[in-house]
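Encoded as structure tokens, the structure appears first; notes follow it.
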Amino acid sequence: MTAHETDKYVYDFAEGNKDLKDLLGGKGANLAEMTNLGLPVPPGFTITTCACQAYLATGREPDGLAGQIEAHLEALERAMGRRLGDPQDPLLVSVRSGARFSMPGMMETVLNVGLNDRSVVGLSDQAGQNDRFAWDSYRRLIQMFGKTVCEVPGEEFEHALDEAKRAKGTHDDLDLDADDLRGLVETYKKIFAKHTGREFPQEPREQLDLAIRAVFESWNAERAILYRRQERIPADLGTAVNVVAMVFGNLGPDSGTGVAFTRDPGSGAQGIYGDYLANAQGEDVVAGIRNTVPLQELERLDKTSYDQLLDIMARLEGHYQDLCDIEFTIERGKLWMLQTRVGKRTAAAAFVIAGQLVDEGLIDLDEALHRVNGAQLAQLMFPRFQLDHEFEAVAQGIGASPGAASGAVVFTSARAVELAAEGKSVILVRRETNPDDLNGMIAAQGILTSRGGKTSHAAVVARGMGKTCVSGADGIEVNVPAKRFTVGGHTVSEGDVVSIDGTTGKVYLGEVPVTPSEVVQYFEGTLDPERTDDALVRAVHRIMTHADARRRLAVRTNADTGADAARARRFGAEGIGLCRTEHMFLGDRRELVERLILAATDAERTDALAALLPLQRQDFVEIFREMAGLPVTVRLIDPPLHEFLPPLEQLAVNVAVAQERGEDVAKEEALLAAVRRMHEENPMLGLRGVRLGLVIPGLFAMQVRAIAEAAVAVTRDGGTACPEIMVPLVGAVQELETVRAEAEKIIAEVVGDSGVEVLIGTMIEVPRAALTAGQIAEAAQFFSFGTNDLTQMGWGFSRDDVEGAFFWRYLELGIFGISPFESIDRDGVGRLIRIAAEEGRAARPGLKLGVCGEHGGDPDSVHFFHEVGLDYVSCSPFRVPVARLEAGRAAIETTGSDSR
Ligand code: PEP
Ligand code: MG
């Protein structure tokens, strides 16, 4: 952004509105909105984020800014009938940050700007000879200004305040009288001079300019940078600065300050939620200097202000059509609104409030759907701790990966693996994890670290695994050699049980019992939304029903057993998008597969296949029955064959040991030789997918026959089966044509006149397939994007290794904001999908398009798949509700619903 002399950098509150958040920041835009609603907001003005951006780019205030501040300050002085820092009758102002996105506590505020050795007397006169109040305000200015603007260590002021209270023999700052506070001001000034090498500035305008500059600079404070990185807030937005006429909550018992929500941000329940602190300024509430009282107490203390406040809260809710949070101050019985915004809320409250607002006629169902999201729904599907007063958190970290986990504490990956092998539930505790901890993380029920944020190694890897993780619990002191950690006076040794909540970031001692999610019970069909008085379940039901009505994308599931298929149907799946047949070759069928792989003659191979055929057929019969007429995409066998054989090293050791003992090892030796023969350096790029079908005669034919026979059997029994045979890892149309020719013959022979229809299509998961989709579509009745392999091969990232190995570093460097295996890389892998969809449909109009990689259940990716015009997404059963919700949201967003 370039700064011009003519740019408007300063807006009076009367000039802005709530939609100007980019320019005025959230606080400034909402103060303007409240001003224009006629609510009691102290007058003031906002310096724009553009001014901040210009300052941060050049290191100086942009041309024209000083003059505009002067003009607005004069207008403010006229409105208030006072001049900034006037010795007789001073105007004081607060200087507050306020960025586009709320960054709680990250940036700076300075109150009482304009006070000095002379105006402190004027302030006392203004307040009716209230010396105590005036000196208290002055000492607050020096403290805040010193700390914020001049980097004086805050503890020094706090120690001096404690010392003054000790000298007075009290714990309560209200017991300090005017003389004590005057003395404290002298001490504070000395602290200021010692650290800055100058006297505390007496010139009011200099105070103001320095405070504004400090707020600009606080955008780049280390903690703000860290917070933005974690919350994915762009680094170049800058903050606005609000300069507001001071009103005082510390003028006596008829004054005070408070915060409130228009509904409970925890549960969404209607009512009055807030805290009030009499005779105090806002920072006292945050600092916890005295205990607040529930807002309801204000009714007794000052009924007029209380009633007016409730009235304003109702108006704000009606106006913003949402839960609002507010900050207010009462100055001698007069109520002032200092801030409002649409308030943050928990996942449960988001659903409940959206439902209530529909009932109240404030929003429609589209808007309700828009206000919740799949990440919130996913959170509500995790089990939760059943917390009562017996359990108190001993530490607070970052909820890095949701869920509730309890287990014995271990400090090393090796110990985690050992205890897990004994069937114990363990929590791996580390200062921070590194790639060597991977096995321990896999073995553990949950992971707890004392360092690191939402993008630390532990957090990223745990989320990838769907494992509960609390990171950055810095109250915990981890001592790995001593196998213990300490927290708030407790010592927890290896083997002691702790419980961690990956949603709230809380850590508990002992085992906290777990409650299953009521939302899952609803999806499972065990909780009737029409009968329950659970407000959350009713709201989820209502919004899900609307999402289903609105969405264009169908939602299928990835399932390879009848049980998974049944659960997914209860969760709303409309078919199977991926049945991975290789999972059916494990367990007690492994031996048959070994026979197939090791077959030395055609006859041996044919025998093995003949033995597998009825087993496969039965698998498909179960699945087709379960899906009763819904489409079922069965993928022919995909992984490299060695996955079905014992690992090379283990086999070599077994053979050597058996030989040593003189045992007969002919069979094992043959197996070892085969495993050696089949060894590949890069098996994921080797003999797998369609390549297997082309190399091993009869393998695909057996599977195709099993599918067709199962479909016919189900149909003959009066059911309906809609199989779709999918060929994996195709890169060239010729591969597909070869498989298809053989499959069609078998299908024609088996199906006969049974009326069963079998489609044949392919996965698009090799970049070459995406780029030659026009040719491939000639031979395919459908495409299903295998985004796991497409990401692996598109980026050249081994999907089994890289996330744990180094993605944390890529995230730290901002190379991507989220793992491309978790959320689709729209620019790269997404482009391949777009090309394939367009060229595939151009070659074969009406070509059915779906996705069955992990991305099918990722909220942001679902929006992308909607945009590129796929017909369906397919995901694991637990993700089906998330995909339904997001598909509904994607549909209303592209039809132009009001979005914010
Ligand atoms: C894929 O590659 O996206 C896919 C669904 O197949 P798999 O994960 O089984 O390789
Ligand atoms: Mg694949």
Side-chain angles (χ1 to χ4, degrees), residues 1-36 41-80 83-85 91-103 106-111 113-114 148-149 203-221 224 228 233-246 338-339 341:
M1 166 120 7
T2 46
H4 302 288
E5 188 106 12
T6 49
D7 280 347
K8 181 169 168 61
Y9 289 122
V10 185
Y11 284 69
D12 189 86
F13 287 167
E15 293 176 297
N17 66 59
K18 71 174 169 31
D19 300 322
L20 292 180
K21 287 201 188 82
D22 286 339
L23 188 66
L24 303 179
K27 187 177 286 166
N30 288 323
L31 280 169
E33 190 75 12
M34 286 200 290
T35 302
N36 293 326
V41 175
F45 55 86
T46 304
I47 302 165
T48 65
T49 52
C50 291
C52 176
Q53 288 160 13
Y55 175 84
L56 294 175
T58 60
R60 62 181 190 82
E61 285 78 1
D63 293 341
L65 177 60
Q68 292 181 35
I69 292 176
E70 187 66 39
H72 279 83
L73 185 60
E74 277 171 15
L76 181 59
E77 288 176 334
R78 274 196 304 280
M80 299 297 289
R83 276 190 313 107
L84 184 70
L91 166 68
L92 306 185
V93 294
S94 65
V95 179
R96 296 168 188 266
S97 61
R100 165 77 181 85
F101 300 101
S102 144
M103 295 169 57
M106 289 300 137
M107 288 178 303
E108 303 298 2
T109 291
V110 187
L111 303 180
V113 168
T148 303
V149 181
E203 178 53 50
R205 182 60 205 265
E206 187 191 3
Q207 291 175 1
L208 177 62
D209 289 340
L210 289 175
I212 292 170
R213 187 179 276 205
V215 174
F216 283 162
E217 284 176 357
S218 68
W219 176 257
N220 280 334
R228 285 200 294 273
I233 296 174
D236 55 0
L237 298 178
T239 179
V241 185
N242 300 291
V243 177
V244 192
M246 280 299 301
L338 301 189
Q339 177 171 322
R341 65 185 165 195

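Just so it is clear, the values below take in all heavy atoms, side chains as well, and ignore hydrogens, waters and symmetry mates.
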Fill in the blank from the handout: To the nearest 0.5 Å, atom OH of Tyr9 lies from atom OG1 of Thr46 at 16.0 Å

Handout entry: Spacing of Leu338 atom CG and Met246 atom CE [to the nearest 0.5 Å]
Key = 8.5 Å

Problem - Gln68 (side chain) donor-acceptor with Asp7 (main chain) under 3.5 angstrom - result: yes

Handout entry: Test item: Arg96 and Leu111 side chains (from C-beta on) under 4.5 Å apart, heavy atoms
Key = yes

Handout entry: Close side-chain approach of Phe13 and Pro42, heavy atoms under 4.5 Å
Key = no

Handout entry: Reported CD1-to-CD1 distance for the pair Ile47 and Ile212, which is rounded to 0.5 angstrom
Key = 3.5 Å

Handout entry: Side-chain heavy atoms of Gln53 within contact of Asp236, under 4.5 Å
Key = no

Handout entry: Smallest separation among heavy atoms of Lys27 and Gly98, with atom names
Key = CB-CA, 4.3 Å

Problem - Contacts of Glu77 that satisfy side chain to side chain donor-acceptor pair (under 3.5 Å) - sequence neighbours left out - result: none

Practice task
Side-chain contact test, heavy atoms from C-beta onward, threshold under 4.5 Å: evaluate it for Val95 versus Asn242 and give yes or no.
Solution key: no

Exercise for the section: Applying side chain to side chain contact (heavy atoms under 4.5 Å, CB included) between Leu24 and each of Asn17, Leu31, Thr48, Asp19, report the one that passes. Expected result: Thr48

Exercise for the section: May I have the step-by-step check of salt bridge (Lys or Arg N to Asp or Glu O under 4.0 Å) for Asp209 and Arg213, ending in yes or no? Expected result: CA-CA 6 Å; Asp209 289 340; Arg213 187 179 276 205; over 6 Å; no

Completion exercise
Heavy-atom closest pair (Ala32 atom, Gly16 atom, distance to 0.1 Å) is CB-C, 3.4 Å

Fill in the blank from the handout: Heavy-atom closest pair (Ala235 atom, Trp219 atom, distance to 0.1 Å) is O-NE1, 2.9 Å

Handout entry: N/O donor-acceptor pair under 3.5 Å between Asn30 side chain and Gln339 backbone
Key = no

Handout entry: Validation row: Tyr11, Leu23 side chains within 4.5 angstrom (heavy atoms)
Key = yes

Exercise for the section: Calculate, to the nearest 0.5 Å, the distance between atoms CZ and CG belonging to Arg78 and Leu73 respectively. Expected result: 10.0 Å

Handout entry: Derivation and outcome, side chain to side chain contact (heavy atoms under 4.5 Å, CB included), residues Thr49 and Leu237
Key = CA-CA 7 Å; Thr49 52; Leu237 298 178; over 6 Å; no

Fill in the blank from the handout: d(Lys8 NZ, Glu15 CD) to nearest 0.5 Å is 3.5 Å

Exercise for the section: Mind listing the closest non-hydrogen atom pair of Cys52 and Gly238 along with its distance? Expected result: SG-CA, 3.8 Å

Problem - Lys18 side, atom NZ; Met34 side, atom CE - distance, nearest 0.5 Å - result: 13.5 Å

Exercise for the section: Please name the pair of heavy atoms, one in Val241 and one in Val215, separated by the smallest distance, quoted to 0.1 Å. Expected result: CG2-CG1, 3.7 Å

Practice task
Identify the two heavy atoms, one from Gln207 and one from Gly114, that lie closest to each other, and give their separation to 0.1 Å.
Solution key: OE1-N, 2.7 Å

